[in-house]
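Shown next, in C-alpha cells, is the structure this report addresses.
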Amino acid sequence: MNTDSASSPRLPLVVTTRDEVRHHIATARKTGRKIGLVPTMGALHAGHLSLVKAARRECDFTVATIFVNPTQFGPHEDFQKYPRNLDADLKLLASLNVDLVFAPTVAEMYPPGSTTFVEVGAVAAPLESAARPGHFRGVATIVLKLFNLIPADVAFFGQKDYQQSLVIRQMVADLDVPITIRVCPIVREPDGLAMSSRNVYLSADERRRALSLSMSLRLAAELVAGGERDAGAIIRQMREVLDTAGVQIDYVALAHPDTLEVVANIQGPTVALVAARVGNTRLIDNQLL
Ligand code: PAF
C-alpha cells in the first residue's frame, strides 16, 4: 500500500493550453459527467476553497482555473505584484480532489492580435468602475473566454465580488451562455475580515484597521434590523466607522441587490457595499440587508 498517497492526495491534472483543456472537458462530457467550473486568479484562500467544495458537492467533474487576468487590472494597479503561488494552490486543490486545473499563460489567453472585448452595460457602470474603469470589461471578457473553453454546467463565484457576480449573470443572460451561475457566501476570518488574496498585503496595523469594512456592514445590518430605513443616515454612520479607523473610503452604498441602483429608503432587499483603501491596499466587502 502506498501510504504517501493516502496522506497527501495526488496533484490534479494541470494543463496550460486551450487545446488541452478543450480535450479534457470533451472527454469528461462524453462520460456524461456534470462539470463544475471555479474560475480564480490563484493565491487561493478559504473563500476559493468554499467554491471548490460547492462545485464538488453539485458536480461530478470539477475544473479550477488559475489565471491572473491582465485585462481586468488598470495601468497603475497590482497586476505585477498580485500574489502568485501555483505550488501551494495545487496542493490545496489536490486536497479537495479537483479533477483538472487550467493554468494558462497570458500569451495563451491573449495571443497577439486578439482585439475583442465584452462590455456588459449598466450593472457594470457604478461603484467599482468609478475607481477601476475597464475592470469589468476585462472580467467579462476573460470569464466568457473561460466559459467557451470550458463549457461547464455550473460555474461558481464568490459573493465577496458582489458587482462582479451581477456582471457575470448579466453577460450570461444577454449572450445566451448555457452555464448556471452560482454565487456562494462570503467566507470571513473569525474576526469578520472578508477573505481576500489581497489581505496578504496588509501590515498588522492595516489588518486591524481593515476590520472597519466588515464592522460598518454589520452596523448597517443592525440599524436596519432596529428599524432604520433612511439610507443616508445608515451611510453616515457606516462612514464614521471607516473614518475612525483611518481608511480611505472609495464608496459606501446601499443599493438594489439586482440592479445596484442606489436606494434612498430601505423598503425591500438591499445590499450594502463598501470599498476602501487601507494603506496601499484596496479592499471591498458587502452584505445583504
Ligand atoms: O474573481 C476573480 O478571481 C476574477 O475576477 C475572475 C472571475 C477569476 C476573472 O479573472
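Counting starts at 1 for both ligands and their atoms, in listed order.
- Val247 places none of its side-chain heavy atoms less than 4.5 Å from the side chain of Leu283.
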Could you pull out all donor-acceptor pairs under 3.5 Å where a side-chain atom in residues 222-240 meets a protein atom, sequence neighbours excluded?
residue : atom : partner : partner atom : Å
Glu228  : OE2  : Asp230  : N            : 3.1
Arg229  : NH1  : Val224  : O            : 3.0
Asp230  : OD1  : Gly232  : N            : 3.0

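- The side-chain hydrogen bond (donor to acceptor under 3.5 Å, both in side chains) pairs that include a residue from residues 96-110 are Arg18-Glu108, Asn69-Tyr110, Thr71-Tyr110, where partners are two or more places apart or lie in different chains.
- Comment: Asp78 engages Arg198 in a salt bridge, judged by a side-chain N to carboxylate O separation of less than 4.0 angstrom.
- Salt-bridge check for Glu58 with Lys53: failed, with every basic side-chain N at 4.0 Å or more from each acidic carboxylate O.
- Applying the ring-ring contact (aromatic ring centres under 6.0 Å, His included) test to pairs two or more places apart or on separate chains, those with a residue in residues 46-77 are His45-His48, Phe73-Phe79, Phe73-Tyr82.
- Listed by chain and number, residues touching ligand 1 at under 4.0 Å (heavy atoms only) are Pro39, Thr40, Met41, Asn69, Gln72, Ile142, Val143, Phe157, Asp161, Gln164.
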